[in-house]
Trainee: 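I am attaching a structure below and will ask some questions about it afterwards.
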2 protein chains.
Amino acid sequence: MQEQYNIRQLFPGLEEKLYQEMETHGEIRHIAAGDTLLRKGQTIRSTMLILDGIVKLYQEDEDGSEFFMYDIEPGEACAVSMVCSYRQENSQVLAKALTDATYMMIPNQYMDEWLAKYKSWHYFVIRTWRTRYEGLLNTINDIAFKNMDERLLLYIEGQVKKMGRHIKLTHQEIATDLNSSREVISRLMKKMEKNGWLIINRNSFEWIKP
Amino acid sequence: MQEQYNIRQLFPGLEEKLYQEMETHGEIRHIAAGDTLLRKGQTIRSTMLILDGIVKLYQEDEDGSEFFMYDIEPGEACAVSMVCSYRQENSQVLAKALTDATYMMIPNQYMDEWLAKYKSWHYFVIRTWRTRYEGLLNTINDIAFKNMDERLLLYIEGQVKKMGRHIKLTHQEIATDLNSSREVISRLMKKMEKNGWLIINRNSFEWIKP
DNA sequence: TTCCTTAAGTGACTTATGTCATAGATAGCA
DNA sequence: TGCTATCTATGACATAAGTCACTTAAGGAA
């Protein structure tokens, strides 16, 4: 079961003995699209490594509204779950599965042990924090300096790079990712269509800008 | 010279031998209020530990506008400057001294060495990243969910907690910290004054809300 | 005192975005 | 084929915040 995910390929550059420990102590879990991996305030007991699927990280308001920050993809880890065992930490964020997802849970007790034993592990931890920090920087950059039209353009270009020119997303889904509302996205996309940048279909659109 | 700052007190909990290495290899630098510690895009060659003064971290736009994110205080480190030597990194942020400040620069070559030798050092590094990540989360929380009036209130209450009820700040300075404009802050503060929360003076104000 | 610089107050206006209401369009199912 | 749920389109309006222009006030310097 564990072997259907190649952790050596997903998390390259770690020591062989560390991979073996991960296989021994890591618990593989599955989660359905839309379900919550980590709630805000929840005590963190394990480090989570994403093996399959996409997990989305949100900042959550007191009143329950969610603000999307960034995605975590296979081969990446949830930084907030990487806690040094000497203090109990609570999650400040909300993590939800976008698609069905699989992840490996490594109980916190191994964090200290592995930090001591494996050089590659502490690089991995630091690299993970750094990557997530950069994710937040990008988010801040977007909301501080860019208008929705720019953000939408960057978002679409990002999708095109990943998925090709035919994008299967509703306006509502895009709006949610950009923390905006459907009407706003519809209007902006209509404008883009008038500019000849894309063709809008139901549930999808085609990016035709060169 | 080095001895005028007690690093054992500023950075508690590290190994004695590590303090000694810090004293041997760390270079103490001074910087004047308003000067830049780290520019965006600059190659990072040293880890910076703040010994005295306050350093402000900004996100910088392509066109040069600055967005204030958080402060770094004595006893804290600039996370973005903590790079694992095996790859050259460039700064994605701008760091400026708010007050005259003193900091210790530790050349990157020691990062790997110390990570290997001192357990306390890698905890320190991870803790630093975590703290900075939380700083960004708060920033995002503010701009995503709060209006200026709430943010101003929280800001003032924070200042009161630190400096007492008599705050020596101009509206312009507050506006800059909140990434807003003077007029907006003036108007909101006038409203607060009408509510009997504060008394506005030139260059300062008194917080009288219970 | 008088002058001048800087801070603060304020009305008028602009703008981006969000919200409401309502209508039209499309795909898939019965 | 027609029905219905779900998308999409769009006008009208609300609102927070930024900008401009100009005024008023305070404090230090001469």
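Every chain is numbered from 1, with letters handed out A, B, ... down the list of sequences.
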Trainee: Which residue pairs pass the salt bridge (charged side-chain N to carboxylate O under 4.0 Å, His left out) test when at least one of the two sits in residues 154-175 of chain A, sequence neighbours left out?
Mentor: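 For residues 154-175 of chain A: A:E73-A:K162.
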Trainee: Could I get a table of every N or O pair under 3.5 Å where one atom is in the protein and the other is in nucleotides 26-30 of chain D?
Mentor:
residue: D:dA26; atom: N3; partner: B:R202; partner atom: NH1; Å: 3.4

Trainee: Tell me the interatomic distance from A:I143, atom CD1, to D:dA16, atom P, rounded to whole angstroms.
Mentor: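 These atoms are roughly 19 Å apart.
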Trainee: Show me the protein contacts with nucleotides 18-21 of chain C, counting only N or O atoms at under 3.5 Å.
Mentor:
residue: C:dG18; atom: OP2; partner: A:S180; partner atom: OG; Å: 2.7
residue: C:dT19; atom: O4; partner: A:R187; partner atom: NH2; Å: 2.8
residue: C:dC20; atom: N4; partner: A:E183; partner atom: OE2; Å: 3.4

Trainee: Report, one line per pair, each donor and acceptor closer than 3.5 Å where one atom sits in a side chain of residues 36-55 of chain A; sequence neighbours left out.
Mentor:
residue: A:K40; atom: NZ; partner: A:E60; partner atom: O; Å: 2.7
residue: A:Q42; atom: OE1; partner: A:R39; partner atom: N; Å: 2.7
residue: A:T47; atom: OG1; partner: A:S81; partner atom: O; Å: 3.4

Trainee: Between B:E206 (CD) and C:dA8 (C1'), how many Å, whole number?
Mentor: 18 Å
Trainee: Tell me whether A:R29 is salt-bridged to A:E27, with the criterion being a basic N under 4.0 Å from an acidic carboxylate O.
Mentor: yes
Trainee: Quickly work out the A:K168 NZ to C:dT26 C1' distance and round it to whole Å.
Mentor: 13 Å
Trainee: Whole Å only: how far is the CD1 atom of A:I185 from the P atom of D:dC7?
Mentor: 15 Å
Trainee: Please state whether the phosphate of D:dT6, meaning OP1 or OP2, lies under 4.0 angstrom from any side-chain nitrogen or oxygen of A:H171.
Mentor: no
Trainee: Quick one: do A:R127 and A:E76 make a salt bridge, cutoff under 4.0 Å?
Mentor: no
Trainee: Could you give the CG-to-C1' distance, from A:N147 to D:dG18, as a whole number of Å?
Mentor: 12 Å
Trainee: Is the terminal nitrogen or CZ of B:K56 (NZ for Lys, CZ for Arg) located under 6.0 angstrom from the six-membered ring centre of B:Y70 and within 45° of that ring's axis?
Mentor: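 No, B:K56 does not sit over the ring of B:Y70.
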Trainee: Roughly how many Å is it from CG in A:L188 to C1' in C:dT17, rounded to a whole number?
Mentor: 10 Å
Trainee: How many Å lie between CG on A:L198 and P on D:dA9, as a whole number?
Mentor: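 Roughly 10 Å, once rounded to whole Å.
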Trainee: Could you tell me whether A:R130 and A:E134 have a side-chain N and a carboxylate O separated by less than 4.0 Å?
Mentor: yes
Trainee: I'd like a table of donor-acceptor pairs (distance under 3.5 Å, sequence neighbours excluded) in which one partner is a side-chain atom from residues 143-151 of chain A, with atom names and distances.
Mentor:
residue: A:R151; atom: NH2; partner: A:L178; partner atom: O; Å: 3.2

Trainee: The criterion is ring-ring contact (aromatic ring centres under 6.0 Å, His included); which residues satisfy it with B:W197, sequence neighbours excluded?
Mentor: none
Trainee: Are the ring centres of B:W121 and B:W114 closer than 6.0 Å?
Mentor: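 Between B:W114 and B:W121, which both carry aromatic rings, the centre distance is below 6.0 Å.
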Trainee: Distance check needed: D:dA17 C1' versus B:K146 NZ, whole Å only.
Mentor: 18 Å
